[in-house]
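Being a predicted model, the structure only gives us computed values, none of them experimental.
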Amino acid sequence: MLKVKIINRSHHPMPEYATDGASGMDVRAYLPDGPVVLQPLERALIPTGLFMQLPRGYECQIRPRSGLAIKKGISLVNTPGTVDSDYRGEIKVILINLSREPFAVEDGERICQMVIAPYTRVEWEQVDRIDETERGDGGFGHTGVN
């Protein structure tokens with residue numbers, strides 16, 4: 001189990017896994033001054049009250065919640081959002097309303113999922129050619145629709 005230092009300045013529970021098999025933890029909006037209403041196609045930066053210190057070699061990915069996406073049309077503008085291990089500011093989430101109806105983000109509402117994951121840094125090796133593969137440069141639907 002990875003230990004991560006966290007400060008929770010909100011009055012809400014810490015991010016938590018909903019089930020034993022979940023990879024993402026639910027994160028709640030921290031809106032002490034009241035709800036934020038998102039009009040259709042409007043986006044807003046929603047605070048969480050969370051500050052963390054990730055170990056070097058780990059990142060925090062912020063992802064949409066599937067229930068909000070399918071039921072209300074609420075998603076994230078930059079998904080997945082990335083929180084780097086050297087960031088120490090408050091974690092905030094850029095929500096967008098992709099529905100045709102206004103949506104009120106309430107204090108304490110679960111607005112996204114947080115996944116802590118290791119990452120690898122690379123060192124570039126500049127070359128004049130790279131190995132061929134069966135796929136080659138085929139992309140964007142080259143394998144058909146089935």
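- V4 and M14 end up in the same hydrophobic cluster when Ile, Leu, Val, Met, Phe, Trp and Tyr side chains are linked at under 4.5 Å.
- Of the inter-residue distances, the one linking T48 atom OG1 with E90 atom CD reads 5.0 Å to the nearest 0.5 angstrom.
- Counting only residues at least two apart or in different chains, ring-ring contact (aromatic ring centres under 6.0 Å, His included) contacts with residues 23-66 comprise H11-Y30.
- The two atoms that bring I116 and C60 nearest to each other are CD1-CB, 3.8 Å, heavy atoms only.
- Pairs of residues two or more places apart, or lying in two chains, never qualify as salt bridge (charged side-chain N to carboxylate O under 4.0 Å, His left out) while including a residue from residues 92-103.
- When all heavy atoms are compared, the tightest approach of C112 to I62 is SG-CG2, 3.7 Å.
- By the salt bridge (Lys or Arg N to Asp or Glu O under 4.0 Å) test, R63 pairs with no residue at all, sequence neighbours left out.
- I70 and V105 are members of different hydrophobic clusters when ILVMFWY side chains are connected at heavy-atom separations under 4.5 Å.
- L31 contributes atom CG, which lies 7.5 Å from atom NE2 of H12 (distance to the nearest 0.5 angstrom).
- With values rounded to the nearest 0.5 angstrom, S23 atom OG is found 13.0 Å from M114 atom CE.
- When hydrophobic residues (I, L, V, M, F, W, Y) are linked wherever their side-chain heavy atoms come within less than 4.5 Å, the members clustered with I96 are L41, L45, V77, I94, L98.
- The hydrophobic cluster of V115 has no other members, since no ILVMFWY side-chain heavy atom comes under 4.5 Å of it.
- Going from atom CE of M25 over to atom CD of Q113 covers 10.0 Å, rounded to the nearest 0.5 Å.
- What you find for P40 and S99 is that their closest heavy atoms are CB-O, 3.2 Å.
- Residue pairs meeting the ring-ring contact (aromatic ring centres under 6.0 Å, His included) criterion with at least one partner in residues 101-133, sequence neighbours excluded, are absent.
- Considering CD1 of I111 and CZ of R28, their distance stands at 10.5 Å, rounded to 0.5 Å.
- A search for side chain to side chain contact (heavy atoms under 4.5 Å, CB included) contacts involving R88 returns Q53, not counting sequence neighbours.
- A search for side chain to side chain contact (heavy atoms under 4.5 Å, CB included) contacts involving T79 returns P64, L76, not counting sequence neighbours.
- Checked against side-chain hydrogen bond (donor to acceptor under 3.5 Å, both in side chains), S10 has the following partners two or more places apart in sequence or in another chain: N8.
- L95 is listed as a side-chain neighbour of L38, based on a closest heavy-atom distance under 4.5 Å.
- Sorted by first and then second residue, the salt bridge (charged side-chain N to carboxylate O under 4.0 Å, His left out) pairs with a member in residues 109-122 read D26-R110; sequence neighbours excluded.
- Q61 and A117 get closest at one heavy-atom pair: NE2-CB, 3.9 Å.
- In this structure, the separation between CG on L54 and NZ on K5 is 12.0 Å, given to the nearest 0.5 Å.
- In this structure, V37 shares a hydrophobic cluster with no other residue, the cluster being traced through Ile, Leu, Val, Met, Phe, Trp and Tyr side chains under 4.5 angstrom apart.
- In terms of hydrophobic clustering, with Ile, Leu, Val, Met, Phe, Trp and Tyr side chains grouped at heavy-atom distances under 4.5 Å, I7 and L2 are assigned to different clusters.
- Side-chain heavy-atom separations under 4.5 angstrom define the hydrophobic clusters, and the remaining members of the one that includes V127 are I130.
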